[in-house]
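Report on one structure; see the data block that follows.
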Amino acid sequence: MNERKARRPQPAIDDPAACTGHNLRRASRAMTQVFDAALAPSGLKSTQFNLLAALAKLGELPLTRLAEALVLDRTTLTRNLRPLIEQGLVRSGGDEDRRVRRLSLTAKGRRKFEQALPHWRGAQERLVADLGPARWARLLDDLDAAVETARRH
């Protein structure tokens, strides 16, 4: 993609091809394919890498807080965590309140994350270079706005 690419005309709001949800999911699938391919040598999928990255950044926290931070429902998060827990990359333990599940990276999980980081970084740098830094920054702002708008609805 090139920053100088002409913008498409304003779509009709009632045109199904302009569906916000469809287009966001379409873009998400395309980006997931790029990052999955880049991360393949590490043995991680992009969804798994993002869970490890969140835990590396946020530290130990309850499952519900991680779900909120990632905008995932608890069932999906639990399903995505299962292989990471089974591989010994993430620790899941009880809290003083037995209803609360606390999550953290294990030492093995931190090493796996650090091993995958250069693969992720390479894909990230290529995408930002192709988009152009200004468009990339606008994209992040627009995606944040989309998340906030969706949360209000």
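- Atom CG of L140 is surrounded by more than 12 heavy atoms from other residues, nucleotides or ligands within 6.0 Å.
- No chain of hydrophobic side-chain contacts below 4.5 Å, direct or via other Ile, Leu, Val, Met, Phe, Trp or Tyr residues, connects V34 to L131.
- Rounding to the nearest 0.5 Å places CG of L44 at 10.0 Å from CZ of F113.
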side-chain contact (heavy atoms from CB on, under 4.5 Å) between L84 and L51, worked out: CA-CA 9 Å; L84 299 175; L51 289 173; 3.9 Å; yes
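- Residue pairs meeting the side chain to side chain donor-acceptor pair (under 3.5 Å) criterion with at least one member in residues 75-87, sequence neighbours excluded, are D73-T76.
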From CA spacing to verdict: side-chain contact (heavy atoms from CB on, under 4.5 Å), L89, Q48: CA-CA 10 Å; L89 304 176; Q48 296 170 322; over 6 Å; no
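- At least one side-chain heavy atom of L143 sits under 4.5 Å from a side-chain heavy atom of L24.
- Shortest non-hydrogen contact noted between H153 and T149 is CD2-O, 2.8 Å.
- Note on L66 and V147: separate hydrophobic clusters, where clusters join Ile, Leu, Val, Met, Phe, Trp and Tyr whose side-chain heavy atoms are under 4.5 Å apart, directly or indirectly.
- Legend: residues meeting side-chain contact (heavy atoms from CB on, under 4.5 Å) with A17, ordered by chain and number and at least two apart, are D15.
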Worked verdict on R151 versus E148 for salt bridge (Lys or Arg N to Asp or Glu O under 4.0 Å): CA-CA 5 Å; R151 284 182 166 168; E148 291 308 313; 3.8 Å; yes
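- A69 and L58 get closest at one heavy-atom pair: CB-CD1, 4.2 Å.
- Put simply, F49 and V128 are part of two different groups of oily side chains (I, L, V, M, F, W, Y) that touch within less than 4.5 Å, one to the next.
- When every heavy atom of S46 is checked against every heavy atom of D36, the shortest pair comes out as N-OD1, 2.6 Å.
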Steps toward side-chain contact (heavy atoms from CB on, under 4.5 Å) verdict (L127, F35): CA-CA 10 Å; L127 288 167; F35 283 101; 3.5 Å; yes
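- Taking CG of L63 as the start and CD of E68 as the end, the distance is 10.0 Å to the nearest 0.5 Å.
- For the residue pair L39 and S42, the shortest heavy atom distance occurs at O-OG, 2.6 Å.
- Between the CZ atom in R25 and the CZ atom in R29 there is a gap of 6.0 Å [rounded to 0.5 Å].
- Annotation: the span from E60 atom CD to L55 atom CG amounts to 9.5 Å, rounded to 0.5 Å.
- If you take CG on L77 and CG on L103, they are separated by 6.5 Å, rounding to the nearest 0.5 Å.
- Taking SG of C19 as the start and CG of D14 as the end, the distance is 12.0 Å to the nearest 0.5 Å.
- Looking at every heavy atom in both residues, P11 comes nearest to A18 through CB-CB, 3.7 Å.
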Pair R91-T106, side chain to side chain donor-acceptor pair (under 3.5 Å): steps then yes or no: CA-CA 6 Å; R91 182 179 306 105; T106 63; 5.6 Å; no
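- For residues 115-128, no pair satisfies side chain to side chain donor-acceptor pair (under 3.5 Å), with sequence neighbours left out.
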